[in-house]
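Numbering of residues begins at 1 and proceeds along the displayed sequence.
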Amino acid sequence: MLCVEDLRSAHFGPIDLSVTGGACLGVTGASGAGKSILLRGIVDLDPNSGAVSWNGQSREAMPAPAWRRMVGYVPAETAWWADDVARHFDDLSVVGQLIEAVGLPAAALGWEVARLSSGERQRLGLVRALALDPQVLLLDEPTAPLDAEATSKVEALLKRELAAGKAMILVSHDPEQIARMAQMTVRIVAGRLVDTSEEAT
(Lines give C-alpha, C1' and ligand atoms only; values in the text may rest on other atoms or scores of the structure.)
Protein backbone atom coordinates (compact mmCIF):
# COMPACT_ATOMS: atom_id res chain seq x y z
CA MET A 1 0.00 0.00 0.00
CA LEU A 2 1.13 3.54 -0.80
CA CYS A 3 0.55 5.66 2.32
CA VAL A 4 0.77 9.46 2.31
CA GLU A 5 0.40 11.14 5.69
CA ASP A 6 0.36 14.87 6.42
CA LEU A 7 2.11 15.68 3.14
CA ARG A 8 2.44 19.42 2.69
CA SER A 9 4.47 22.14 1.04
CA ALA A 10 4.13 25.84 0.44
CA HIS A 11 1.65 25.04 -2.34
CA PHE A 12 -0.53 22.19 -1.03
CA GLY A 13 -1.62 20.18 1.96
CA PRO A 14 -1.91 18.77 4.42
CA ILE A 15 -2.83 15.70 2.38
CA ASP A 16 -3.51 12.16 3.54
CA LEU A 17 -4.26 9.34 1.13
CA SER A 18 -3.61 5.66 0.56
CA VAL A 19 -3.73 3.38 -2.49
CA THR A 20 -3.48 -0.39 -2.34
CA GLY A 21 -1.60 -2.50 -4.85
CA GLY A 22 -3.81 -3.28 -7.84
CA ALA A 23 -5.90 -0.13 -7.40
CA CYS A 24 -6.03 3.21 -9.19
CA LEU A 25 -6.84 6.48 -7.45
CA GLY A 26 -8.19 9.09 -9.85
CA VAL A 27 -7.37 12.73 -9.09
CA THR A 28 -9.40 15.53 -10.65
CA GLY A 29 -9.56 19.28 -10.18
CA ALA A 30 -9.33 22.58 -11.99
CA SER A 31 -6.13 23.69 -13.68
CA GLY A 32 -3.78 25.12 -11.07
CA ALA A 33 -5.49 23.36 -8.17
CA GLY A 34 -2.35 21.42 -7.25
CA LYS A 35 -2.69 18.04 -8.97
CA SER A 36 0.74 18.01 -10.57
CA ILE A 37 2.59 19.35 -7.54
CA LEU A 38 0.94 16.65 -5.42
CA LEU A 39 2.52 13.98 -7.63
CA ARG A 40 5.85 15.80 -7.56
CA GLY A 41 5.59 15.93 -3.78
CA ILE A 42 4.95 12.20 -3.44
CA VAL A 43 7.95 11.34 -5.61
CA ASP A 44 9.99 13.95 -3.68
CA LEU A 45 10.99 16.19 -6.56
CA ASP A 46 10.00 19.37 -4.70
CA PRO A 47 10.57 20.35 -1.05
CA ASN A 48 7.84 18.97 1.22
CA SER A 49 7.22 17.46 4.63
CA GLY A 50 5.22 14.48 5.77
CA ALA A 51 5.51 10.70 5.67
CA VAL A 52 5.28 8.65 2.47
CA SER A 53 5.80 4.90 2.30
CA TRP A 54 5.19 1.86 0.12
CA ASN A 55 4.40 -1.39 1.93
CA GLY A 56 6.10 -0.09 5.05
CA GLN A 57 9.23 1.14 3.25
CA SER A 58 9.63 4.81 4.09
CA ARG A 59 10.62 7.35 1.46
CA GLU A 60 12.80 9.06 4.03
CA ALA A 61 14.73 5.86 4.79
CA MET A 62 16.18 5.37 1.31
CA PRO A 63 18.16 7.40 -1.24
CA ALA A 64 16.00 9.48 -3.57
CA PRO A 65 16.99 7.53 -6.72
CA ALA A 66 15.91 4.26 -5.07
CA TRP A 67 12.55 5.77 -4.11
CA ARG A 68 12.01 7.07 -7.64
CA ARG A 69 12.68 3.64 -9.11
CA MET A 70 10.04 2.19 -6.79
CA VAL A 71 7.60 5.05 -7.37
CA GLY A 72 7.59 5.90 -11.07
CA TYR A 73 6.46 9.37 -12.11
CA VAL A 74 5.36 10.32 -15.63
CA PRO A 75 4.84 14.09 -15.93
CA ALA A 76 2.49 15.75 -18.40
CA GLU A 77 5.56 16.74 -20.43
CA THR A 78 8.38 14.21 -20.33
CA ALA A 79 12.03 15.26 -20.30
CA TRP A 80 14.59 14.11 -22.87
CA TRP A 81 18.34 14.66 -22.51
CA ALA A 82 19.91 12.78 -25.42
CA ASP A 83 19.46 13.06 -29.19
CA ASP A 84 18.11 9.55 -29.79
CA VAL A 85 15.40 7.54 -28.04
CA ALA A 86 17.48 4.44 -27.26
CA ARG A 87 19.93 6.32 -25.03
CA HIS A 88 17.11 6.99 -22.55
CA PHE A 89 16.78 3.30 -21.65
CA ASP A 90 19.14 1.26 -19.47
CA ASP A 91 17.98 -2.17 -20.66
CA LEU A 92 16.73 -2.31 -24.24
CA SER A 93 15.76 -5.98 -23.91
CA VAL A 94 12.65 -5.14 -21.89
CA VAL A 95 11.51 -2.17 -23.98
CA GLY A 96 10.37 -3.56 -27.35
CA GLN A 97 7.13 -5.15 -26.17
CA LEU A 98 6.23 -2.11 -24.09
CA ILE A 99 6.73 0.20 -27.07
CA GLU A 100 4.49 -1.95 -29.25
CA ALA A 101 1.90 -2.13 -26.46
CA VAL A 102 1.45 1.65 -26.59
CA GLY A 103 0.93 1.55 -30.34
CA LEU A 104 4.41 2.44 -31.59
CA PRO A 105 6.76 0.29 -33.69
CA ALA A 106 9.75 -1.31 -32.01
CA ALA A 107 11.83 0.69 -34.50
CA ALA A 108 10.98 3.80 -32.44
CA LEU A 109 14.05 2.97 -30.35
CA GLY A 110 16.13 4.11 -33.30
CA TRP A 111 14.32 7.41 -33.76
CA GLU A 112 15.74 10.83 -32.98
CA VAL A 113 13.96 12.65 -30.16
CA ALA A 114 13.61 15.74 -32.35
CA ARG A 115 11.26 13.91 -34.70
CA LEU A 116 8.85 12.77 -31.98
CA SER A 117 5.36 14.24 -31.80
CA SER A 118 3.97 15.21 -28.39
CA GLY A 119 1.95 11.99 -28.30
CA GLU A 120 4.98 9.86 -29.17
CA ARG A 121 7.01 11.59 -26.48
CA GLN A 122 4.29 10.93 -23.93
CA ARG A 123 3.97 7.25 -24.77
CA LEU A 124 7.72 6.71 -24.80
CA GLY A 125 7.98 8.55 -21.49
CA LEU A 126 5.49 6.06 -20.04
CA VAL A 127 7.50 3.16 -21.49
CA ARG A 128 10.65 4.63 -19.93
CA ALA A 129 8.97 4.61 -16.52
CA LEU A 130 7.54 1.11 -16.91
CA ALA A 131 10.89 -0.29 -18.03
CA LEU A 132 12.19 0.33 -14.51
CA ASP A 133 9.39 -1.89 -13.14
CA PRO A 134 8.13 0.51 -10.44
CA GLN A 135 5.67 -0.67 -7.81
CA VAL A 136 3.71 2.60 -7.93
CA LEU A 137 2.83 4.73 -10.96
CA LEU A 138 2.13 8.46 -10.67
CA LEU A 139 0.62 9.57 -13.97
CA ASP A 140 -0.06 13.20 -14.89
CA GLU A 141 -2.43 13.39 -17.87
CA PRO A 142 -0.77 10.37 -19.54
CA THR A 143 -3.04 10.38 -22.62
CA ALA A 144 -3.83 14.09 -23.03
CA PRO A 145 -2.05 14.41 -26.42
CA LEU A 146 -3.31 11.06 -27.77
CA ASP A 147 -6.14 10.10 -30.10
CA ALA A 148 -8.80 7.59 -29.07
CA GLU A 149 -6.99 4.54 -30.49
CA ALA A 150 -3.69 5.34 -28.79
CA THR A 151 -5.49 6.19 -25.55
CA SER A 152 -7.18 2.79 -25.62
CA LYS A 153 -3.83 1.02 -26.03
CA VAL A 154 -2.24 2.96 -23.18
CA GLU A 155 -5.18 2.28 -20.87
CA ALA A 156 -5.04 -1.43 -21.70
CA LEU A 157 -1.34 -1.49 -20.76
CA LEU A 158 -2.03 0.38 -17.52
CA LYS A 159 -4.79 -2.08 -16.63
CA ARG A 160 -2.29 -4.92 -17.06
CA GLU A 161 0.05 -3.13 -14.68
CA LEU A 162 -2.78 -2.84 -12.15
CA ALA A 163 -3.60 -6.53 -12.58
CA ALA A 164 0.06 -7.26 -11.76
CA GLY A 165 -0.42 -5.58 -8.38
CA LYS A 166 0.93 -2.09 -8.94
CA ALA A 167 -0.66 0.93 -7.30
CA MET A 168 -1.56 3.93 -9.44
CA ILE A 169 -2.47 7.58 -9.00
CA LEU A 170 -3.93 9.01 -12.20
CA VAL A 171 -4.40 12.74 -12.74
CA SER A 172 -6.83 13.40 -15.59
CA HIS A 173 -9.21 16.09 -16.81
CA ASP A 174 -11.19 13.39 -18.64
CA PRO A 175 -14.03 12.12 -16.42
CA GLU A 176 -14.65 9.20 -18.75
CA GLN A 177 -11.04 8.07 -18.37
CA ILE A 178 -11.30 8.36 -14.59
CA ALA A 179 -14.47 6.24 -14.71
CA ARG A 180 -12.74 3.59 -16.84
CA MET A 181 -9.53 3.41 -14.83
CA ALA A 182 -10.09 4.41 -11.21
CA GLN A 183 -11.70 2.56 -8.33
CA MET A 184 -11.56 5.67 -6.11
CA THR A 185 -11.66 9.36 -6.96
CA VAL A 186 -10.65 12.52 -5.13
CA ARG A 187 -10.71 16.14 -6.20
CA ILE A 188 -8.08 18.75 -5.42
CA VAL A 189 -9.40 22.17 -4.50
CA ALA A 190 -6.85 24.86 -3.60
CA GLY A 191 -4.21 22.27 -2.73
CA ARG A 192 -6.49 20.16 -0.53
CA LEU A 193 -8.13 16.81 -1.26
CA VAL A 194 -11.90 16.52 -1.30
CA ASP A 195 -13.46 13.06 -1.43
CA THR A 196 -15.92 13.16 -4.33
CA SER A 197 -18.31 10.87 -2.49
CA GLU A 198 -18.50 13.52 0.22
CA GLU A 199 -19.22 16.20 -2.39
CA ALA A 200 -22.25 14.24 -3.55
CA THR A 201 -23.85 14.04 -0.09
(message) Measuring only between side-chain heavy atoms, which start at C-beta, is V113 closer than 4.5 Å to D84?
(response) no
(message) Is the shortest side-chain heavy-atom distance between F12 and R40 below 4.5 Å?
(response) no
(message) If we ignore hydrogens and angles and just use 3.5 Å, is the side chain of K166 paired with the main-chain N or O of R160 as donor and acceptor?
(response) no
(request) Measure the shortest side-chain to side-chain distance between S53 and R59 over non-hydrogen atoms and say whether it is less than 4.5 angstrom. (result) no
(message) Check for me, please, whether V85 and V102 land in the same ILVMFWY cluster - side-chain distances under 4.5 Å, paths through other members count.
(response) yes
(request) Apply the side chain to side chain contact (heavy atoms under 4.5 Å, CB included) test between L116 and each candidate in T78, L104, L124; give the one that qualifies. (result) L124
(request) Give a yes or no answer on whether the side chain of R68 reaches the backbone of D44 with a donor-acceptor pair at less than 3.5 Å. (result) yes
(request) Using a cut-off of 6.0 Å, state whether more than 12 heavy atoms not belonging to Q97 lie near its atom CD. (result) no
(request) Would you kindly confirm whether L146 and W111 end up in one hydrophobic cluster when ILVMFWY residues are joined by side chain heavy atoms under 4.5 Å apart? (result) yes
(message) For the NE2 atom of H173 and the CD1 atom of I178, what is their distance to the nearest 0.5 Å?
(response) 10.0 Å
(request) Over all heavy atoms of both residues, which pair between P134 and A129 is shortest? Give the atoms and the distance, please. (result) CD-O, 3.2 Å
(message) With a 4.5 Å cut-off on side-chain heavy-atom distances among I, L, V, M, F, W and Y, is there a chain of contacts connecting V136 to V154?
(response) no
(message) With a 3.5 Å distance limit and no angle check, can you tell me whether Q122 reaches the backbone of P75 through a side-chain donor-acceptor pair?
(response) yes
(message) Measuring from atom CG of L25 to atom CE of M184, what distance do you get when rounded to the nearest 0.5 angstrom?
(response) 5.0 Å
(message) Is the shortest side-chain heavy-atom distance between R180 and D174 below 4.5 Å?
(response) yes
(request) Please tell me if the side chains of I169 and L2 come closer than 4.5 Å, counting only heavy atoms from C-beta onward. (result) yes
(message) Other residues, nucleotides and ligands only: do more than 12 of their heavy atoms fall within 6.0 Å of CD on E176?
(response) no
(request) Begin with the C-alpha distance, continue with both residues' side-chain angles, and end with the deciding distance and a verdict on side chain to side chain contact (heavy atoms under 4.5 Å, CB included) for R123 and L126. (result) CA-CA 5 Å; R123 282 179 284 174; L126 174 62; 5.6 Å; no
(message) Are the side chains of L158 and L139 in contact, using a 4.5 Å heavy-atom criterion?
(response) yes
(message) Measuring only between side-chain heavy atoms, which start at C-beta, is E112 closer than 4.5 Å to D83?
(response) no
(message) Please determine whether residues I37 and L137 belong to a single hydrophobic cluster, defined as Ile, Leu, Val, Met, Phe, Trp and Tyr linked transitively by side-chain heavy-atom distances below 4.5 Å.
(response) no
(request) Looking only at non-hydrogen atoms, find the nearest pair between A167 and T20 and report the distance. (result) CB-O, 3.6 Å
(request) Check the hydrophobic clustering (I, L, V, M, F, W, Y; side-chain heavy atoms under 4.5 Å; chains of links allowed) and say if L130 and L138 are grouped together. (result) no
(message) If I take atom CG from residue L193 and atom CG from residue L17, how far apart are they, to the nearest 0.5 angstrom?
(response) 6.0 Å
(message) Less than 4.5 Å apart, side chain to side chain, heavy atoms only: is that true for D90 and L132?
(response) yes
(message) Looking at every heavy atom in both T28 and S172, which two are closest together, and how far apart are they?
(response) CG2-O, 3.9 Å
(request) To the nearest 0.5 Å, tell me how far L7 CG sits from S9 OG. (result) 7.5 Å
(request) Indicate whether any N or O donor in one side chain lies under 3.5 Å from an N or O acceptor in the other, for Q177 and T143. (result) yes
(message) Please report the interatomic distance CG(N55) to CE(M1), rounded to the nearest 0.5 Å.
(response) 8.5 Å
(request) To the nearest 0.5 angstrom, please state how far the CE atom of M70 sits from the CE atom of M62. (result) 4.0 Å
(message) So that I can tick it off, tell me whether D147 and K153 are bridged by a salt bridge, with the cut-off set at under 4.0 angstrom between side-chain N and carboxylate O.
(response) no
(message) Quick check against the 3.5 Å criterion: does N48 have a side-chain atom that pairs as donor or acceptor with the backbone of R8?
(response) no
(message) Quick one: does any side-chain atom of H11 pair with a main-chain N or O of G34 as donor and acceptor, under 3.5 Å?
(response) no
(request) Check step by step if side chain to side chain contact (heavy atoms under 4.5 Å, CB included) holds for M168 and V19. (result) CA-CA 7 Å; M168 188 178 300; V19 189; 6.0 Å; no
(request) Output, in order, the C-alpha distance, side-chain angles, deciding distance and verdict of side chain to side chain contact (heavy atoms under 4.5 Å, CB included) for V4 and L38. (result) CA-CA 11 Å; V4 176; L38 169 62; 5.5 Å; no
(request) Would you name the heavy atoms of C24 and L170 that are closest together and state the gap between them? (result) SG-CB, 3.8 Å
(request) Grab the two heavy atoms, one from V71 and one from V43, that are nearest each other, plus how far apart they are. (result) O-CG2, 3.5 Å
(request) Grab the two heavy atoms, one from R121 and one from W80, that are nearest each other, plus how far apart they are. (result) O-CZ2, 3.5 Å
(request) May I have the step-by-step check of side chain to side chain contact (heavy atoms under 4.5 Å, CB included) for F89 and V94, ending in yes or no? (result) CA-CA 9 Å; F89 295 92; V94 303; over 6 Å; no
